[in-house]
J.: 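Starting off with a structure, shown below.
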Amino acid sequence: MVREAVKEDLDKILELYLFLHEDSLPAKDQKLNDTWEKIINDPDHHLIVKEIGGQIVSSCVCVIIPNLTRNIRPYAFIENVVTREDFRGRGYASECLSYAKKISEEAGCYKMMLLTGSKRASTLAFYERNGFNSNDKTAFIQWLK
């Protein structure tokens, strides 16, 4: 089942993020709780999960961003696309991205954007198969401390 995360999913999502780029679970403190509350209660922040047998195996985030251009149409930003290693290659991340596209279309977005740090041809081909291209825009990132 693909769905939006609920409050009780936090621990499972944090465990899934160990397959993304995290090397440990964050401390269960007030900062984590406050951040989770902001995410789960923000109507424009959609944390999408693929659940199988009570386990979250894949996920992505879709944030709808209000915009004053393009006839006042918002755009969507996709981030944190991840699937557990033992569940990869089964189409679960594609299901999550498809769900994000539906949310974006329903919000009236004129585009969806996604950044990846991966240079692997298979990862880039995956995003292309899911409708994204790397020709229209050039991305720049400035990392903050």
Side-chain angles (χ1 to χ4, degrees), residues 2-51 55-70 72-145:
V2 177
R3 60 176 175 78
E4 290 202 48
V6 294
K7 191 171 186 174
E8 295 76 26
D9 290 328
L10 177 60
D11 289 337
K12 293 176 184 177
I13 291 167
L14 293 175
E15 288 176 21
L16 177 64
Y17 283 170
L18 293 174
F19 293 91
L20 186 60
H21 48 64
E22 300 300 315
D23 55 9
S24 64
L25 296 173
K28 291 194 173 191
D29 58 13
Q30 194 60 46
K31 181 178 180 182
L32 175 63
N33 290 335
D34 291 347
T35 301
W36 182 236
E37 286 292 327
K38 283 182 187 178
I39 289 170
I40 210 74
N41 291 318
D42 182 345
D44 289 327
H45 195 134
H46 305 271
L47 204 160
I48 299 159
V49 298
K50 169 70 175 186
E51 181 182 19
Q55 182 177 31
I56 293 176
V57 300
S58 190
S59 179
C60 73
V61 171
C62 175
V63 179
I64 306 300
I65 302 170
N67 181 38
L68 294 174
T69 67
R70 302 288 181 155
I72 320 298
R73 291 179 65 194
Y75 57 93
F77 189 77
I78 309 300
E79 186 62 82
N80 296 337
V81 180
V82 60
T83 301
R84 291 180 54 92
E85 281 183 27
D86 49 336
F87 284 87
R88 290 183 182 160
R90 302 180 193 182
Y92 300 146
S94 293
E95 288 181 45
C96 291
L97 289 173
S98 179
Y99 196 99
K101 183 176 181 181
K102 181 180 175 197
I103 288 170
S104 301
E105 289 172 336
E106 289 174 357
C109 293
Y110 76 94
K111 70 177 176 182
M112 292 172 48
M113 294 188 304
L114 176 147
L115 297 175
T116 182
S118 177
K119 306 293 185 222
R120 292 176 36 210
S122 61
T123 302
L124 303 178
F126 163 76
Y127 289 125
E128 288 174 352
R129 283 193 310 275
N130 280 277
F132 294 90
N133 77 72
S134 60
N135 301 322
D136 293 341
K137 296 265 185 174
T138 302
F140 291 88
I141 296 177
Q142 183 178 54
W143 295 102
L144 306 174
K145 293 185 180 199

J.: Where do Pro74 and Pro66 come nearest, in terms of heavy atoms and distance?
T.: CB-CA, 4.2 Å

J.: From Ser58 OG over to Ile48 CD1, what is the distance, rounded to the nearest 0.5 angstrom?
T.: 10.0 Å

J.: State which residues pass salt bridge (Lys or Arg N to Asp or Glu O under 4.0 Å) with Asp11; sequence neighbours excluded, sorted by chain then number.
T.: Lys28

J.: Looking at side-chain heavy atoms only, is the closest gap between Asn33 and Gln30 below 4.5 Å?
T.: yes

J.: Rounded to the nearest 0.5 Å, how far apart are OG of Ser134 and CG of Leu114?
T.: 11.0 Å

J.: Report the distance from atom SG of Cys60 to atom CG of Leu20, rounding to the nearest 0.5 Å.
T.: 11.5 Å

J.: Using the ring of each side chain (for Trp, its six-membered ring), is Phe87 parallel, tilted or perpendicular to Tyr92, with breaks at 30° and 60°?
T.: tilted

J.: Does CG belonging to Leu68 count more than 12 external heavy atoms closer than 6.0 Å?
T.: no

J.: Could you measure the distance from the CE atom of Met113 to the SG atom of Cys62? Nearest 0.5 Å is fine.
T.: 11.0 Å

J.: Please give me the minimum heavy-atom distance between Met112 and Leu97, naming the atom from each residue.
T.: CE-O, 4.4 Å

J.: Does the distance from a Lys or Arg side-chain N to an Asp or Glu carboxylate O, for Arg84 and Asp86, drop under 4.0 Å?
T.: yes

J.: The criterion is salt bridge (Lys or Arg N to Asp or Glu O under 4.0 Å); which residues satisfy it with Glu37, sequence neighbours excluded?
T.: Lys7

J.: Would you say Arg70 has more than 12 foreign heavy atoms packed within less than 6.0 Å of its CZ?
T.: no

J.: Might you point out which heavy atoms bring Val63 and Val61 nearest each other, and give the distance in Å?
T.: CG2-CG1, 3.8 Å

J.: Output yes when a side-chain donor or acceptor of Thr35 lies under 3.5 Å from a complementary backbone atom of Lys31, and no otherwise.
T.: yes

J.: Within the 4.5 Å heavy-atom criterion, are Glu4 and Ile103 side-chain neighbours or not?
T.: yes

J.: Side-chain contact test, heavy atoms from C-beta onward, threshold under 4.5 Å: evaluate it for His21 versus Asn80 and give yes or no.
T.: yes

J.: Can you give me the closest heavy-atom contact between Arg73 and Cys109, atom names plus distance?
T.: NH2-O, 2.9 Å

J.: Can you give me the closest heavy-atom contact between Val6 and Trp36, atom names plus distance?
T.: O-CZ2, 3.4 Å

J.: Nearest 0.5 Å, please: how far is NE2 in His46 from CD1 in Ile40?
T.: 11.0 Å

J.: Please identify which of these residues, Thr83, Val49, Val81, meets the side chain to side chain contact (heavy atoms under 4.5 Å, CB included) condition with Ser59.
T.: Val49

J.: Could you report the tightest heavy-atom contact between Ala107 and Ile64, atom names first, then the distance?
T.: CB-CG2, 4.0 Å

J.: Less than 4.5 Å apart, any side-chain heavy atom of Leu47 and any of Asp9?
T.: no

J.: Test Arg90 against Lys50 for side chain to side chain contact (heavy atoms under 4.5 Å, CB included), laying out the working first.
T.: CA-CA 11 Å; Arg90 302 180 193 182; Lys50 169 70 175 186; over 6 Å; no

